[in-house]
> 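Sharing a structure below in structure tokens format, with a few things to ask.
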Amino acid sequence: MIASKLSMSTNNYKTSVTAVLGCTALVCALSSPKSHADEHPDSDHLNQLRVHGFLSQGYVKTNKNNFFGKSTGDGSFDFREIGLTASLRPLSKLQLSGQLLHRSAGEGSRGGIRIDFGFLDYNFINTPDTEFGMRLGRMKNPLGFYNDTRDVPFTRPSILLPQSIYFDRTRNLALASDGAQLYGESRADWGNITAQFGTVFPQVDDRDTEVAILHRRRPGDLETKLSYIGRIAYEQVDGRFRLAVSGAQVNAGYDPAIDDELASGSFKFTPLILSAQYNAEKWSITSEYALRMFRWKNFDHPLIDQKLTGESIYVQGIYRFFPNWEAVLRYDLLFTDRKDRDGQKFHMQTNRQLPAHSRFAKDLTFGLRWNATPAIMLSAEYHRINGTAWLSPLDNPDQSITGRNWNLFAFQASYRF
Amino acid sequence: MLLASFFFVGNVLPADNTVETVVHPSVNTEQLSKNLLRSIFGMRLRTWQDGLPIRVFVLPDDAPLHSLFAKRKLNIFPYQLRAAWDRLIFSGTGQAPITVQSEEEMRLRVSTTPGAIGYLSGTQIDDSVQIVHVDQ
């Protein structure tokens, strides 16, 4: 009990440190006396404050299964993203950045405002050939091509990111973490190499994360533990080819309550993501492959203590068929356990209680996007899905009544400044 | 005078589609490599060689001159620049360039902001800004 309180307070302490740092960055940036100094052309000491933001409203309709709210029937308008980003560069080597995010997306994200990131960035070296620096605070996790900006509609190729890699159901674990990050870049004629490496504490205090890791809500608490994350990316100087390898080791522990059926076990998640993209004037092709290794240990519970490796891949084509119009076509595959791709083993293990189709998802997506102005975007997409592996259990509490073959239609209007 | 401007317009404006990289006179550079220019407009390089902060000015994403500049001077497509800037802005790891609404504003801002860099069509260039040649 004392241990529990102690760890609670360490968690709170870390959270408050980050919150303070994030708020400081944001408040400094926002309250800076010469906001929009850029509007004074004669000022020779622009304070380099920048404020940006975005706002989106989505609509999701499914024929079976709930996604981002109660999407069956008439559909759900419970999908909104509002963000405010500020950055201040008082010295050319120093930048403070912060982002506040409000996100509503079904039971997994029920609104509220959180500090999406808030950190201090010190750029030790920045020459034409080399860059090296350090960041401290809460940072977006550098995973794959899209995780760093996953909640900004304009940066996504479609309304929903490929769910096999960018799960919305465990998003908070993958989203951002608190700690320190070193970064560097090498720039040469044959291309740029960018590397980031961080030692961090992931965010584990969400209902979604708890359900994803421990199958359902538990009386005890998940505790964040020291974790590692990194990404190395290569990009041709003209940006045609982009390649990236990202990986992480995310650690968490469980602090049981009194009379808990679980012991104080540990959870380790080790994702590895390979990413590749080719960009031409009218089209782009992107593919990402992920191996996701999970290990639960010492929970003293046969259904929880296990080891499994999941696998994901998608291939996506974008065609810019008309100025400001884009079409996207994507096939996205997810297997929760690569040794049980059809989910039959799992189905038997759960005494046929849970469906085999909850262990895979094959999603064929077609979408259209119209950039009406540089600030306004309208997008629509249709998904034909076989399997429910990335459905949120919070929106679908009874998995035995989920449908295997289903479709999803989404519409989103987005504004930025 | 009228005649002169008529000739000027008649000779240079139509169909000549030129775009030049321009800087504030304080920027002590007459030549830049294409890669360096890409690092600057990609918002990766923060200062000039003498330590003066670089201030990048661009026209809106859908301005024809922006597209011409990106393709001809940087050899990249405008959507790639936008994607790179958005990654910097919304992950907090960098800053976006300053967007101006017209070439007149571009010239004014570049000519009055030390460390500024931008671009103008040939006919819009005057003595208030300095042209920078880009190595192919």
Side-chain angles (χ1 to χ4, degrees), chain A residues 25 38 41-46 48 50 52 54 83 85-87 89 91-93 95-99 116-119 121 123 126-128 131 135 137 139-140 142 145 148-149 151-152 154-155 183 185 187-189 192 196 237-240 279-281 284 320 323-324 326 371 373-374 416, chain B residues 24 26 32-36 38-40 42 44-49 51-55 57 59-64 66-67 71 74-100 105 107-116:
Chain A
D38 304 354
D42 54 350
S43 132
D44 64 349
H45 43 78
L46 303 181
Q48 293 286 68
R50 300 298 164 73
H52 297 273
F54 56 90
T85 310
S87 66
R89 198 179 277 178
L91 306 167
S92 49
K93 285 179 181 297
Q95 179 167 331
L96 297 164
S97 305
Q99 178 162 291
D116 197 33
F117 60 74
F119 62 88
D121 179 333
N123 203 230
N126 195 335
T127 70
E131 178 173 8
R135 301 183 181 118
M139 290 147 296
K140 299 314 285 277
F145 282 149
D148 317 32
T149 58
D151 295 319
V152 188
F154 293 87
T155 68
Y183 67 91
E185 183 166 282
R187 302 187 265 254
D189 291 342
N192 302 326
Q196 278 160 273
V237 286
D238 57 8
R240 299 290 167 104
N279 292 303
E281 181 163 19
S284 301
R320 300 175 192 87
N324 305 324
E326 278 178 32
N371 298 312
T373 74
R416 66 181 291 164
Chain B
H24 183 269
S26 67
L32 283 174
S33 72
K34 190 165 282 223
N35 273 348
L36 203 57
R38 273 193 282 244
S39 295
I40 291 171
R44 302 166 117 121
L45 196 63
R46 297 188 188 187
T47 56
W48 297 104
Q49 217 160 12
L52 187 64
I54 300 175
R55 313 292 191 200
F57 291 89
L59 289 167
D61 287 4
D62 55 356
H66 175 69
S67 174
K71 287 194 223 170
L74 305 177
N75 276 20
I76 54 182
F77 307 113
Y79 79 85
Q80 293 175 288
L81 277 177
R82 173 47 61 194
W85 297 336
D86 282 351
R87 283 196 289 272
L88 295 177
I89 301 170
F90 294 110
S91 65
T93 57
Q95 290 190 324
I98 300 160
T99 304
V100 293
E105 193 188 350
R107 190 177 53 234
L108 182 70
R109 300 295 293 273
V110 172
S111 66
T112 53
T113 311

> Can you see which heavy atom on B:Gln95 is nearest to which on A:Ser87, and at what distance?
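Minimum heavy-atom contact is NE2-OG, 2.9 Å.
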> For residues B:Thr47 and A:Ser92, report the shortest heavy-atom separation together with the two atoms involved.
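Nearest heavy atoms, B:Thr47 then A:Ser92: CG2-OG, 3.3 Å.
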> Can you name the residues that form a ring-ring contact (aromatic ring centres under 6.0 Å, His included) with B:Phe90, not counting sequence neighbours?
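By the ring-ring contact (aromatic ring centres under 6.0 Å, His included) rule, B:Phe90 matches A:Phe54.
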> Examine whether an atom of A:Val152 lies under 4.5 Å from a heavy atom of chain B, and if so say whether it belongs to the side chain, the backbone or both; otherwise answer neither.
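Looking at A:Val152, just its side chain touches chain B.
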> I need the residue from A:Ala280, A:Pro142, A:Pro323 with the largest number of non-hydrogen atom pairs under 4.5 Å to chain B.
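Of the options given, most contacts go to A:Ala280.
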> Mind checking side-chain contact (heavy atoms from CB on, under 4.5 Å) for B:Thr93 and listing every partner two or more places apart, or none if nothing turns up?
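With neighbours one apart ignored, the set is A:Phe119, A:Arg135, B:Leu88, B:Ser91.
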> For chain A, which of B:Asp62, B:Asp61, B:Leu45, B:Ile54 has the most heavy-atom pairs under 4.5 Å?
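Max contact count across the listed options: B:Leu45.
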> So, A:Arg50 side chain and B:Ala96 main chain: donor-acceptor pair closer than 3.5 Å or not?
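Yes: the side chain of A:Arg50 pairs with the backbone of B:Ala96.
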> Under 4.5 Å from any heavy atom of chain B, what part of A:Asn192 do you find: side chain, backbone, both or neither?
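Looking at A:Asn192, just its side chain touches chain B.
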> Tell me, do A:Asp189 and B:Asn35 make a side-chain contact under 4.5 Å, heavy atoms counted?
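Side-chain contact under 4.5 Å: yes.
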> Heavy-atom distances under 4.5 Å only: say whether B:Lys71 touches chain A with side chain, backbone, both or neither.
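Just the side chain, heavy atoms under 4.5 Å.
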> Can you tell which of B:Pro60, B:Gly94, B:Gly42 has the highest number of heavy-atom pairs within less than 4.5 Å of chain A?
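Maximum pair count with chain A is reached by B:Gly94.
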> Is chain B contacted by the side chain of A:Ser284, its backbone, both, or neither, given a heavy-atom distance below 4.5 Å?
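Just its side chain gets close to chain B.
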> Has the side chain of B:Gln80 got a donor or acceptor atom that lies under 3.5 Å from a matching backbone atom of A:Gly239?
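The answer is yes, because a donor-acceptor pair under 3.5 Å joins these two groups.
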> Kindly give the heavy-atom pair with the smallest separation between B:Gly92 and A:Ser97, and that separation in Å.
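Residues B:Gly92 and A:Ser97, closest heavy atoms: O-OG, 2.7 Å.
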> Of the non-hydrogen atoms in B:Phe77 and A:Arg240, which two are nearest, and what is the gap between them?
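Answer, listing the atom of B:Phe77 first, then A:Arg240: CZ-NH2, 3.4 Å.
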> Looking only at heavy atoms, what is the nearest atom pair of B:Ile89 and A:Phe117, with distance?
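Result for this residue pair: O-CZ, 4.2 Å.
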> Side chain from CB out, backbone as N, CA, C, O: work out which of these in B:Arg46 comes under 4.5 Å of a heavy atom of chain A, or both, or neither.
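For B:Arg46, the contact with chain A is made by backbone and side chain together.
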> Could you report the tightest heavy-atom contact between A:Thr155 and B:Asp86, atom names first, then the distance?
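Nearest pair, atom of A:Thr155 first, then B:Asp86: CG2-CB, 3.7 Å.
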> In terms of heavy-atom pairs under 4.5 Å, which option from A:Lys140, A:Arg187, A:Gln95 contacts chain B the most?
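Most heavy-atom pairs under 4.5 Å with chain B: A:Gln95.
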> Is the closest basic N to carboxylate O distance between B:Arg44 and A:Glu131 below 4.0 Å?
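Salt bridge between B:Arg44 and A:Glu131, a charged N being under 4.0 Å from a carboxylate O: no.
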